[in-house]
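Presented below is the structure to which this report refers.
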Amino acid sequence: MDNKNRFVQMAIIIFAGFLVVGTVAVNLSGKYGQDGWKLYFTQVGEALKQENFARESYFFYVLRLRLMEVAALWLLSMTAFGAVSLWTALGWLGFTCGVRISLGTMIFGRTGIVYFLCSILPQAVFYIPVILLLGVRGFQIYFFMRKQRSWNQYRHVRMGKDILLLIILLLCLLPGIICECYINPLLLKAYF
């Protein structure tokens with residue numbers, strides 16, 4: 001139980017630390033960064049208002065992007081870098097949350113929090129379990145390899161669990177991609 005508490009505490013610290021780093025990075029960008037992001041938000045708003053917004057091509061773009069990210073994390077989790085891949089993914093998630101919160105409040109004022117919720121919350125409900133499953137798996141592999149130091153033993157003991165984990169990851173990933181491609185644009189369209 002102590003290891004689980006330490007794992008959760010470390011995950012929260014890394015997420016919160018990179019949330020602060022993302023916020024500071026946006027605030028250091030100054031007026032020039034703010035002008036660039038205003039242009040970006042204007043273009044996003046205009047794209048979402050168009051009736052012929054290509055949701056299918058956007059879906060396949062996001063699908064390819066997320067599958068590459070999860071494949072890289074999944075492959076890294078099979079090595080001794082499994083724990084590092086979890087901390088990197090949590091750090092990146094915290095950094096992007098910090099950037100989106102800061103940009104939303106910088107450009108839209110108080111309603112920027114609503115922008116943040118519309119842009120990241122629906123899919124984060126599905127993506128966070130994927131990251132945590134990969135992280136737990138990475139720690140399990142690290143401790144197993146530390147004790148056994150045999151790739152053949154690992155392959156015989158864990159192969160069925162690895163295949164089941166991959167199926168669970170894909171089942172968690174697909175609803176997140178659907179939210180990111182179909183629900184987020186509707187929420188952002190209502191917001192803009």
Side-chain angles (χ1 to χ4, degrees), residues 1-16 18-19 22 53-100 116-188:
M1 192 68 176
D2 186 41
N3 286 339
K4 288 181 182 180
N5 288 336
R6 195 171 350 145
F7 174 78
V8 170
Q9 289 173 349
M10 187 66 140
I12 290 170
I13 289 170
I14 288 175
F15 180 81
F18 277 93
L19 182 82
F53 179 68
R55 293 194 200 301
E56 288 77 23
S57 61
Y58 184 59
F59 174 79
F60 287 112
Y61 167 74
V62 172
L63 179 68
R64 185 178 71 232
L65 187 67
R66 298 298 174 240
L67 285 177
M68 287 187 323
E69 291 169 354
V70 168
L73 284 173
W74 188 67
L75 290 173
L76 278 174
S77 72
M78 285 192 246
T79 67
F81 298 107
V84 174
S85 66
L86 167 73
W87 304 135
T88 304
L90 281 175
W92 179 250
L93 187 62
F95 181 80
T96 57
C97 286
V99 167
R100 288 186 189 208
F116 167 73
L117 293 175
C118 291
S119 68
I120 204 167
L121 192 63
Q123 72 264 23
V125 171
F126 298 102
Y127 290 161
I128 289 174
V130 171
I131 293 171
L132 291 177
L133 280 172
L134 284 170
V136 168
R137 180 171 180 266
F139 278 112
Q140 288 173 345
I141 292 171
Y142 173 74
F143 289 125
F144 182 84
M145 294 299 280
R146 197 168 153 192
K147 289 179 183 176
Q148 303 297 326
R149 297 185 190 270
S150 170
W151 182 252
N152 278 338
Q153 278 184 325
Y154 167 75
R155 195 175 48 146
H156 291 297
V157 171
R158 300 271 313 169
M159 191 59 74
K161 292 180 182 179
D162 289 344
I163 293 170
L164 179 64
L165 180 66
L166 181 62
I167 292 169
I168 291 170
L169 290 175
L170 292 176
L171 290 176
C172 288
L173 190 67
L174 200 55
I177 293 170
I178 291 170
C179 284
E180 190 171 356
C181 294
Y182 295 102
I183 295 174
N184 283 11
L186 292 175
L187 293 173
L188 289 173

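Along the sequence shown, residues are numbered consecutively beginning with 1. Values reported hereafter were calculated over all heavy atoms of this structure, with side chains retained and with hydrogens, waters and symmetry mates removed.
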Derivation of the side chain to side chain contact (heavy atoms under 4.5 Å, CB included) call for Leu173 and Leu63: CA-CA 9 Å; Leu173 190 67; Leu63 179 68; 5.9 Å; no
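- Residue Cys181 comes nearest to Val62 through the heavy atom pair SG-CB, 3.7 Å, listed as atom of the first residue, atom of the second, then distance.
- Val99 approaches Gly22 most closely through the heavy-atom pair CG2-O, 3.8 Å.
- When the ring-ring contact (aromatic ring centres under 6.0 Å, His included) test is applied to Phe95, the partners found at least two apart in sequence or on another chain are Trp92.
- Distance CG/Asn184 to CD1/Ile178: 12.5 Å, rounded to 0.5 Å.
- Take Ala124 and apply the side chain to side chain contact (heavy atoms under 4.5 Å, CB included) test, not counting sequence neighbours, and it matches Ile128.
- If you take CG on Leu93 and OG1 on Thr88, they are separated by 12.5 Å, rounding to the nearest 0.5 Å.
- Screening residues 166-180 for salt bridge (Lys or Arg N to Asp or Glu O under 4.0 Å), with sequence neighbours left out, gives Arg66-Glu180.
- Considering all non-hydrogen atoms of both residues, Phe59 and Leu174 come closest at CZ-CD1, 4.4 Å.
- Under the side chain to side chain contact (heavy atoms under 4.5 Å, CB included) criterion, Ile14 pairs with Met10, Phe18, Trp87, Leu90, not counting sequence neighbours.
- Qualifying side chain to side chain contact (heavy atoms under 4.5 Å, CB included) partners for Ile12, counting only residues two or more places apart in sequence or in other chains: Val8.
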Applying side chain to side chain contact (heavy atoms under 4.5 Å, CB included) to Tyr127 and Ile177, what does each step give before you reach the verdict? CA-CA 9 Å; Tyr127 290 161; Ile177 293 170; 3.6 Å; yes
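- The two residues Gln123 and Gly176 come nearest to each other via the heavy atoms CB-O, 3.3 Å.
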